[in-house]
Amino acid sequence: MAFRRPPRIGAGEERAMNEQAEPRRDDDVALETVPREEQLFRMRHSAAHVLAEAVLDLFPEAKYAIGPPIEHGFYYDFDLPRTLTPNDLEGIEARMRESVAADHPIHGEWIPKARARELFRDQPYKLELIDEIEEPTVGHFQHGGFHDLCRGGHTQRTGQVGSFKLTHVAGAYWRGDERRPMLQRIYGALFRTEPELAAYLKAREQAERRDHRRLGRELGLFHLDPISPGSPFFHPRGALLYNELVDYVRGLYPKYGYQEVITPQLFNTDIFRTSGHYDLFPDMYKMGGEEDEEIGIKPMNCPGHCWLYRAALHSYRDLPIRYAEFTRLHRNERSGVLHGLTRVRSFSQDDAHIYCTPEQMPEEIERVFAMVREIYGDLGLGEVDVKVATRGEHFIGNPEDWDVAERTLQDEVRRAGWDYALAPGEAAFYAPKVEFHFRDALGRSWQLGTLQIDMAMPDRFGLEYIGADGEPHRPVMMHRAILGSLERFLGVYVEHTEGRFPLWLAPVQAVVIPIADRHNDYAWHVARELRGRGLRVEVDDSNERMGNKIRRAQLQRLPYMLVVGDREAEAEAVSVRDRSGDDLGAMPLFQIADRLVDERDSRTSQAPGSAGDV
RNA sequence: GCCGGUGUAGCUCAGUGGUAGAGCAGCUGUUUCGUAAACAGCAGGCCGAGGGUUCGAAUCCCCCCGCCGGCUCCA
């Protein structure tokens with residue numbers, strides 16, 4: 001596990017560009033003299049200009065908006081007279097290549113805003129950008145017959161942009177604001193050389209084979225069904241994996257001092273009005289109710305936990321109180337945001353709420369972080385992006401409390417030794433939060449764990465504890481989930497492991513493969529022995545050749561294949577093959593049983609070999 | 001929710017106005033096999049839903065739903 005700082009330029013993050021407030025004035029330097037990362041930035045940036053040039057050439061009435069370099073290439077947003085089809089991309093790309101072949105010099109200059117307004121008088125989006133620039137001059141770049149409002153950071157000539165391919169077109173709101181016009185965004189991938197571009201495109205294609213939606217079906221874990229969009233059906237193997245994860249986290253609760261609770265699924269919606277969720281998320285699932293009563297399905301556990309806390313009087317001696325809960329939550333997510341297991345309407349979390357005194361805050365945060373390290377470490381998660389999200393426009397509570405919470409959180413993240421990125425304005429409406437993000441097969445980042453320090457909700461619910469002074473005090477409330485949504489975690493984890501789960505999580509830990517059907521009885525004997533040790537073992541006694549049984553087991557990513565024929569039956573042994581394709585040879589039945597039990601209990605993973613894997 | 005694409009057998013896909021197809025999976029039979037696909041046969045479909053155009057619609061049009069890629073949102 002490695003905690004890392006998120007990349008500055010991520011997919012679709014033009015904000016990263018805008019944060020580079022300083023105009024650049026070094027565009028006349030030779031490309032070879034700047035660092036590699038900067039070279040790519042410039043190549044992608046110039047390619048975006050070439051793209052805009054091509055589009056304006058083909059659609060003279062087009063309005064162009066903004067077009068930054070991004071992680072694997074670039075994009076540019078346009079307001080066009082008609083919608084683009086994927087076929088249009090070929091024509092645009094061909095026109096781009098003409099500009100590259102012409103090898104136009106790229107010139108940048110700094111001009112007064114008045115002059116810029118004149119130059120862009122027919123370009124409403126550019127005019128809006130000019131108005132927002134505070135300096136008296138703005139950057140103006142041109143090549144061939146094309147010109148753009150631009151901060152700079154370019155190659156010297158259009159012939160230097162590298163190898164690119166337009167990949168897709170998608171809608172995007174102007175300035176990322178859903179109340180403003182929807183523009184057409186053209187995306188391109190760009191790398192320094194053709195082989196690098198080809199490798200990237202191939203890797204993307206291969207990533208599709210790791211897609212959890214595909215593996216989920218192939219491995220018999222879950223499926224999604226139009227009968228209830230965004231609400232996964234977990235099949236027996238998926239449910240086994242799901243429950244193993246829950247049992248694992250549950251097993252850590254005594255060590256970290258949590259008490260598990262179960263609260264209702266349905267509430268009078270008054271509770272969500274008290275918490276403030278109702279105002280912000282009025283689209284939550286609701287049902288009828290008696291008379292003036294309105295019943296809602298819970299979208300989160302915190303209000304229920306506050307209610308639980310309030311049901312008894314608490315002494316400072318009782319704190320911290322740590323309530324954990326795994327029950328199901330439902331959120332009426334907008335249809336367009338649903339995404340496999342990673343964005344669903346029905347899910348459960350390894351959720352908990354901690355009530356403590358203000359003095360206990362740092363220690364509690366450290367305790368949560370220790371648990372985060374233990375769990376992510378045990379699960380062998382790769383790179384983690386840590387973010388600290390601070391107060392935004394809509395918030396409850398008072399700013400002084402927020403400042404304390406934000407400062408404490410950041411101090412503790414630093415103490416934990418993690419690099420983190422600040423996400424200003426991205427806090428929950430009731431608390432600042434630390435977020436732990438992981439990437440899926442296609443590089444999309446998803447938040448799994450989170451820790452939030454909430455000084456507002458205890459106030460709303462009137463929570464108290466009796467202090468040593470005999471007076472009532474307000475506790476601090478911490479919201480935390482480590483795996484986060486178990487559904488989302490599973491989605492990311494399936495892609496991370498490519499379906500090769502460590503033995504302790506594998507729904508089927510070994511399959512016994514009889515060579516001919518005269519070995520079936522012995523195969524079942526082997527399975528009974530191993531099942532007796534608590535192992536999940538199946539027998540493939542189908543009428544297939546051994547080679548095909550092995551193939552099927554490999555496709556299912558089963559950790560161990562235990563082949564039994566005459567020799568093994570004779571010796572009370574099995575021939576062991578693991579899913580990396582290694583033949584571990586014959587070993588006595590008791591020995592493989594011990595080995596599997598050890599591997600399961602130590603939660604180690606097999607070496608991630610993949611010889612001949614699909 | 002918005003923009004674009006897309007929806008044919010369990011899965012992957014062919015079929016562009018005239019009798020719905022293939023491979024894999026499934027079932028049955030034969031085969032009894034030593035580390036990634038034995039052979040043969042059979043079965044499987046309101047072509048996403050509804051409406052329209054037409055003598056005739058999987059195919060053309062409208063509308064709805066799901067899914068995919070983005071955008072926005074994410075308690």
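Since the structure is predicted, the reported quantities are computational estimates derived from the model, not experimental observations. Chain naming here is simple, since letters A, B, ... match the order of the sequence lines and numbering starts at 1 in each.
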Inset, instruction - Please tell me which of A:E178 and A:N332 maps to the more 5' nucleotide of RNA chain B, matching each residue to the nucleotide holding its nearest heavy atom. - result: A:E178

Inset, instruction - Give one of base, sugar-phosphate or nothing for A:G547, where a contact means two heavy atoms less than 4.0 Å apart. - result: sugar-phosphate

Legend entry - Minimum-distance nucleotide to A:S575 side chain [options: B:U12, B:G34, B:G4]: B:G34

Legend entry - Between C1' of B:G4 and CG of A:D77, the distance in whole Å: 14 Å

Inset, instruction - Report the relative orientation of the aromatic rings in A:Y125 and A:W174; use parallel for angles under 30°, tilted for 30 to 60°, perpendicular for over 60°. - result: perpendicular

Inset, instruction - Rounded to the nearest angstrom, tell me the gap between atom CG in A:D578 and atom P in B:U35. - result: 16 Å

Legend entry - Residue mapping more 5' on RNA chain B - nearest nucleotide basis, A:K433 or A:M561: A:M561

Legend entry - Whole-angstrom distance between B:C27 and B:C33, as gauged at atom P: 23 Å

Inset, instruction - Look through every strand shown and name the nucleotide pairing with B:U35 as Watson-Crick or G-U wobble, where both distances are under 3.5 Å. - result: none

Inset, instruction - May I have the distance from A:H168 (atom NE2) to B:U6 (atom P), rounded to whole angstrom? - result: 15 Å

Legend entry - A:F347 CZ to B:C74 C1', straight-line distance once rounded to whole Å: 10 Å

Inset, instruction - Between B:A36, B:G69, B:G34, spot the one nearest the side chain of A:M546, thanks. - result: B:G34

Inset, instruction - Could you tell me whether a side-chain N or O of A:E426 sits under 3.5 Å from a main-chain N or O of A:A423, the two making a donor and an acceptor? - result: no

Inset, instruction - Would you jot down, in residue-number order, the residues of residues 294-305 of chain A having a non-hydrogen atom under 4.0 Å from RNA chain B? - result: A:P299, A:M300

Inset, instruction - Could you tell me whether the phosphate oxygens of B:U72, OP1 or OP2, come under 4.0 Å of any side-chain nitrogen or oxygen in A:R179? - result: no

Inset, instruction - For B:A36, take OP1 and OP2 only and decide whether either is under 4.0 Å from a side-chain N or O of A:R577. - result: yes

Inset, instruction - In whole angstrom, give the distance that lies between atom CD of A:Q556 and atom C1' of B:C11. - result: 13 Å

Legend entry - N or O in side chain of A:R214 less than 4.0 angstrom from B:U12 OP1/OP2: no

Legend entry - Given B:A75, B:C2, B:U35, the nucleotide with the shortest approach to the side chain of A:F429: B:A75

Inset, instruction - Would you mind pulling out the nucleotide paired to B:U12, Watson-Crick or G-U wobble, both distances under 3.5 Å? - result: B:A22

Legend entry - Atom P, compared across B:G45 and B:U35: separation rounded to whole Å: 40 Å

Legend entry - Same-atom distance (P) from B:A75 to B:G5, integer angstrom: 32 Å

Inset, instruction - Among B:C74, B:G34, B:C33, find the nucleotide with the atom closest to the side chain of A:A516. - result: B:C33

Inset, instruction - Give me the ring orientation class for A:H212 and A:H339: parallel if the planes are under 30° apart, tilted from 30 to 60°, perpendicular past 60°. - result: tilted

Legend entry - Distance below 4.0 Å between A:R175 side-chain N/O and B:U72 OP1 or OP2: no

Inset, instruction - Just compare B:G34, B:A36, B:G69 and give me whichever is closest to any side-chain atom of A:I515. - result: B:G34

Inset, instruction - Scan A:R345 against the nucleic acid and name what it touches under 4.0 Å (heavy atoms): base, sugar-phosphate only, or nothing. - result: nothing

Legend entry - Main-chain N/O of A:R82 paired with A:Q184 side-chain donor or acceptor, under 3.5 Å: yes

Legend entry - Side-chain donor/acceptor of A:E333 to base of B:G1, under 3.5 Å: no

Inset, instruction - Tell which nucleotide pairs with B:G17, taking only Watson-Crick or G-U wobble pairs whose two distances are both under 3.5 angstrom. - result: none

Inset, instruction - Answer yes if the ring centres of A:Y522 and A:H525 are under 6.0 angstrom apart, and no otherwise. - result: yes

Inset, instruction - Give none if B:G4 has no partner; otherwise give the nucleotide forming a Watson-Crick or G-U wobble pair with it, both distances under 3.5 Å. - result: B:C68

Inset, instruction - State yes or no: are the ring centers of A:H330 and A:F347 separated by less than 6.0 Å? - result: no

Inset, instruction - Please confirm whether any donor atom in the side chain of A:Y75 sits under 3.5 Å from an acceptor in the base of B:G70, or the reverse. - result: no

Legend entry - Any strand: nucleotide that pairs with B:G50 via Watson-Crick or wobble, under 3.5 Å: B:C62

Inset, instruction - State whether the distance check finds a donor on one side and an acceptor on the other, under 3.5 Å, for side chain A:R343 versus base B:C74. - result: yes

Legend entry - Strand partner of B:A40, provided both Watson-Crick or wobble distances fall under 3.5 Å: B:U28

Inset, instruction - Please determine if a side-chain N or O atom of A:H519 lies less than 4.0 Å away from the OP1 or OP2 oxygen of B:G34. - result: no

Inset, instruction - Using whole Å, report how far CD of A:E426 lies from P of B:C74. - result: 9 Å

Legend entry - Centroid under 5.5 Å and tilt under 30°, A:Y430 to B:A75: no

Inset, instruction - Answer with yes or no after comparing the ring centroid distance for A:H223 and A:F234 against a 6.0 Å cut-off, counting only values under it. - result: no

Inset, instruction - Answer yes or no: side-chain N or O of A:T85 and base N or O of B:G5 forming a donor-acceptor pair under 3.5 Å. - result: no

Inset, instruction - To the nearest Å, give me how far apart CZ (A:F281) and C1' (B:U72) are. - result: 14 Å

Legend entry - is_close_aromatic(A:H72, A:Y200), centroid dist under 6.0 Å: yes

Legend entry - Gap between atoms NZ and P, on A:K549 and B:A37 respectively (whole Å): 14 Å

Inset, instruction - Have a look at A:D566 and say if it touches a base, only the backbone sugar-phosphate, or nothing, with a 4.0 Å heavy-atom cut-off. - result: base

Legend entry - Donor-acceptor pair (no angle test) under 3.5 Å: A:R545 side chain, B:C39 base: no

Inset, instruction - Please state whether the rings of A:F78 and A:Y76 are parallel, tilted or perpendicular, taking 30° and 60° as the class boundaries. - result: parallel

Legend entry - Residue A:V337, side-chain heavy atoms: nucleotide from B:C3, B:U72, B:A75 that is nearest: B:U72

Inset, instruction - For A:R331, report the nucleic acid contact type (base, sugar-phosphate, nothing); a contact means any heavy atom under 4.0 Å. - result: base

Legend entry - A:D521 atom CG: more than 12 heavy-atom contacts under 6.0 Å: no

Legend entry - B:G15 to B:G1 separation - C1' atoms, rounded to the nearest Å: 36 Å

Inset, instruction - For A:R567, answer base if it contacts any base atom (sugar-phosphate contacts may also be present), sugar-phosphate if it contacts only those atoms, and nothing otherwise; contact means non-hydrogen atoms under 4.0 Å. - result: base

Legend entry - B:G69 OP1/OP2 closer than 4.0 Å to side-chain N/O of A:R213: yes

Legend entry - A:R328/A:E487 ion pair, N-O < 4.0 Å: yes

Inset, instruction - Using a 4.0 Å heavy-atom cut-off, write out nucleotides 24-30 of chain B from 5' to 3' as B (base contacted by protein), S (sugar-phosphate only) or - (no contact). - result: --S---B

Inset, instruction - Let me see the working for A:C306 and A:Y355 under side-chain contact (heavy atoms from CB on, under 4.5 Å), right down to the final yes or no. - result: CA-CA 9 Å; A:C306 288; A:Y355 300 89; 3.5 Å; yes

Inset, instruction - Determine the Euclidean distance between corresponding C1' atoms of B:G66 and B:A49; express it in Å to zero decimal places. - result: 10 Å

Inset, instruction - Verify whether the ring centers belonging to A:H353 and A:Y323 lie closer than 6.0 Å. - result: no

Inset, instruction - State yes or no: are the ring centers of A:F429 and A:F395 separated by less than 6.0 Å? - result: no

